[in-house]
Amino acid sequence: MNNVFTIDTEDWYHANFEDDLFTNDSNIISTVENNVDRYLELFSQNDIKATFFVLGFVVEQHPDMVRKIAEEGHEIASHGYGHQLVYKQTPEEFKEDVYRSKVLLEDCIGQEIIGYRAPSWSITEKSLWALDVLDELGFKYDSAIFPTKNFLYGIPYAPRVPHNASVYGKKNLHIITAPPSTRKIGNFNIPFSGGAYFRLFPEKLIEHFTDYVNEKEKSPVVFYLHPREIDPKQPKLKLKWKDYMIHYYGIKGCESKLIKILRKYEFVTMKEMLNL
Ligand SMILES: [Zn+2]
């Protein structure tokens, strides 16, 4: 079974806990290149091609890094330009943000960009109009709807496998949604394959859930991490206790967990998994 590894390619300070937290300031020290280099090394050692959802702001600051990712055979997709939550923008602002990132990325690597992931999975019931905008801009897939529910994101009834927009009452769109993976237990979809969940859960549990989704449900698992999640030495944001835990818990042990997952499973890019 082929799984998918994805990296939301942004800097250590891109976060959405509070509106005024992050700032796109090129004078702030950046850690993204060093962290991405480490991922590229790990992917190369394990002969894995991944999908990198790159922020437009990051491609402006680090074009050579983005070209290097593409040259090594990984897929480049869009993470928008400015890391604003989709549901806090108007459709017009969202369109401008995503279009800007698509053009920057396409100019940088000379290839069409067909995939999009929203900052903090922020396509929710409040912002399903975003699917129309993405379709109009020529995106063929999004990975932006989390089939769960928490304080920041999620549509609990969203399908757990790739699906088209007719699920949301949109009949004429071509865009496919490829969600991050969950393990369904009773009425709950439990996230496990990325971010804070990946850092929090023991690796045996992540493997157990992955095996279940692969073997029993015959579905690929979509993993996701950020560059900063394997970097214990990164500068730290001043966050409230709960947000701090979500943002930083388990970073020390994350890389060794990642290495075991990369060694154990097979991976293709999102584009390949979706046959696009
Ligand atoms: Zn992000």
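From a predicted model like this one, the values you see are computed outputs, not experimental measurements. Note that ligands are numbered from 1 as they come in the structure, with each ligand's atoms numbered from 1 the same way.
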**Item:** K102 NZ/CZ over F139 ring centroid, <6.0 Å and within 45° of normal
**Value:** yes
**Request:** Identify whether NZ of Lys or CZ of Arg in R199 sits under 6.0 Å from the centre of the six-membered ring of Y248 and within 45° of that ring's axis.
**Result:** no
**Item:** Total protein N, O or S atoms, the Zn ion (ligand 1), separation less than 2.8 Å
**Value:** 3
**Complete:** Residue pairs meeting ring pair (Phe, Tyr, Trp, His ring centres under 6.0 Å), one or both in residues 176-204, sequence neighbours left out, come to F192-F209
**Under 3.5 Å side-chain donor-acceptor pair for E96 and Y81** = no
**Prompt:** Are the aromatic ring centres of W121 and Y224 under 6.0 angstrom apart?
**Reply:** yes
**Item:** Reference residue E207; test salt bridge (Lys or Arg N to Asp or Glu O under 4.0 Å); the match among K260, R183, R263, K264
**Value:** K264
